[in-house]
Amino acid sequence: MNSQRKRVTVPAIRAMKGKSRIGMLTAYDYPSAKIADAAGADILLVGDSLGMVVLGYPDTLSVTVDDMLHHTRAAARGATTALLVGDMPYLSYHVSIEESVRNAGRFIQSGAHAVKIEGAKQSRIRTIEAILDAEIPVMGHIGLTPQSVNALGGFKLQGKNADDARRLIDEAVALERAGCFSVVLECVPTELAAMITEQIAIPTIGIGAGPSCDGQVLVFHDVLGIYDVHTPKFVRQYAHAGQEMQSALETYLADVREGRFPDEEKESFHMASDEELKRLYASREDQTSAGGVVVEMPKAQ
Ligand code: KIV
């Protein structure tokens, strides 16, 4: 990709609606952000999915603000072009509006350009409005909201029946009216995502929401085939990097055990000159005659 690309901004993302599809990925650290940025991602999300794919938890609920900020700072150093969105974790915007605004501000101070918040009930809309009032752009997220996994009874498709679908349309409209610059639609029927996309003027970004959305997002580790604990139906793996990484590591370990790594020339260093080596051994001999350890000089140098 062209390294001269300009930084993607919130207004630029809004302006992409109906013009060009938005490509978004998660990224959790310097290398993943650098690679996804160089690949041309428009938006990088430091998702709380890091709880599962990086930290090994069964869900996202154990992730803290401090965990997220640590990863946001690292990703910010790798993302030089993409818009960087920080995902506010469970309990960081649930207790009070004041605490929510302060937490959102910490993401911005850690290098994010915007935050993402799950849900759109009335109290959540008030929180979102307060965060926006602090000049922090907000990306909404409705449908399957993983932080509500216990209330939803599992990671399930949302909006399957007309009433539920109607509620999600109303939520998307409420997020748009509140001032969100985009909204993630996770795990909802294609028909519903198409309807929402048509009805609101801000971009929809789908994950398991079919092809009609204004953009798509997938988890970095899913796209590359690094995380194999659970692969949802909506994931397309573009590589099997996990397998490739394991087999590379197996080869390295076999090379270490068989003495094939490191190579004495290609991967090793030598003394500045034979003269220096001789001086070194002479000094060891002096030490030996004074009662030290005997070290023999190698024959060929
Ligand atoms: O945490 C995450 O990765 C997300 C995206 C998948 C939308 O919320």
Side-chain angles (χ1 to χ4, degrees), residues 13 21-29 32-33 36 41-65 67-72 74-75 79 82-93 103-104 107 112 114-120 124 128 137-149 152 155-159 168 171-172 175 180-188 193 196-197 202-210 213-224 226-227 229-238:
I13 294 296
R21 292 203 176 89
I22 299 163
M24 170 166 156
L25 279 161
T26 64
Y28 310 107
D29 53 18
S32 60
D42 299 302
I43 305 178
L44 290 179
L45 170 71
V46 185
D48 65 349
S49 50
L50 70 83
M52 298 164 84
V53 301
V54 176
L55 303 179
Y57 293 125
D59 52 44
T60 60
L61 300 176
S62 308
V63 177
T64 65
V65 174
D67 291 335
M68 291 303 301
L69 298 182
H70 174 76
H71 286 272
T72 300
L83 182 81
L84 189 69
V85 179
D87 205 6
M88 293 193 65
Y90 178 60
L91 274 192
S92 68
Y93 54 94
N103 282 330
F107 275 88
V115 296
K116 178 171 80 59
I117 289 185
E118 294 184 8
R124 194 62 38 81
I128 289 172
V138 179
M139 173 182 276
H141 183 165
I142 56 173
L144 170 53
T145 44
Q147 291 170 20
S148 319
V149 61
L152 297 175
F155 297 105
K156 295 179 186 161
L157 180 69
Q158 301 296 306
L168 288 171
E171 287 187 358
L175 289 171
C180 288
F181 72 95
S182 60
V183 56
V184 169
L185 305 178
E186 180 162 352
C187 221
V188 298
I196 294 175
T197 301
I202 54 171
T204 57
I205 304 194
I207 173 162
C213 295
D214 298 302
Q216 299 290 330
V217 56
L218 280 179
V219 165
F220 184 89
H221 292 60
D222 285 340
V223 176
L224 296 179
I226 300 173
Y227 178 76
V229 178
H230 170 61
T231 307
K233 171 180 156 73
F234 55 72
V235 167
R236 189 183 293 177
Q237 284 188 346
Y238 286 83

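One-based numbering, in listed order, for ligands and for the atoms of each. Any value given below was found using the heavy atoms of this structure, including those in side chains, with hydrogens, waters and symmetry copies removed. Small disclaimer: the values here were computed from a predicted structure and weren't measured.
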Heavy atoms of other groups near F181 CZ, more than 12 under 6.0 Å
yes
By number and element, which atoms of ligand 1 are closer than 4.0 Å to a non-hydrogen atom of G47?
1 (O), 2 (C), 3 (O)
Could you identify the single nearest non-hydrogen protein atom to atom 2 (C) of ligand 1 and state the distance to 0.1 Å?
S49 OG, 3.3 Å
Has E118 got any heavy atom lying under 4.0 angstrom from an atom of ligand 1?
no
Beyond-backbone contact of F107 with V85, side-chain heavy atoms, under 4.5 angstrom:
no
heavy-atom search around atom 5 (C) of ligand 1 in the protein gives L45 CD2, 3.6 Å
Does any part of the side chain of T60, heavy atoms only, come nearer than 4.5 Å to the side chain of Y90, both counted from C-beta?
no
I want to know if ligand 1 touches T26 in the polar sense, i.e. an N/O pair below 3.5 angstrom.
no
Do you know which two heavy atoms are closest between P203 and D214, and how far apart they sit?
CA-OD2, 3.3 Å
Please list, in number order, the atoms of ligand 1 under 4.0 Å from a heavy atom of D87.
1 (O), 2 (C), 8 (O)
May I have the step-by-step check of side chain to side chain contact (heavy atoms under 4.5 Å, CB included) for R21 and D42, ending in yes or no?
CA-CA 10 Å; R21 292 203 176 89; D42 299 302; over 6 Å; no
Check whether any side-chain heavy atom of H70 lies under 4.5 Å from a side-chain heavy atom of D67, and answer yes or no.
no
for atom 8 (O) of ligand 1, nearest protein heavy atom and its distance come out as K116 NZ, 3.0 Å
Would you say that V65 contacts P89 through its side chain, given a criterion of any heavy-atom pair below 4.5 Å between the two side chains?
yes
Specify the protein heavy atom at minimum distance from atom 6 (C) of ligand 1: its residue, its atom name, and the distance to 0.1 Å.
I207 CD1, 3.5 Å
Heavy atom under 4.0 Å from ligand 1: found in D48's side chain, backbone, both, or neither?
both
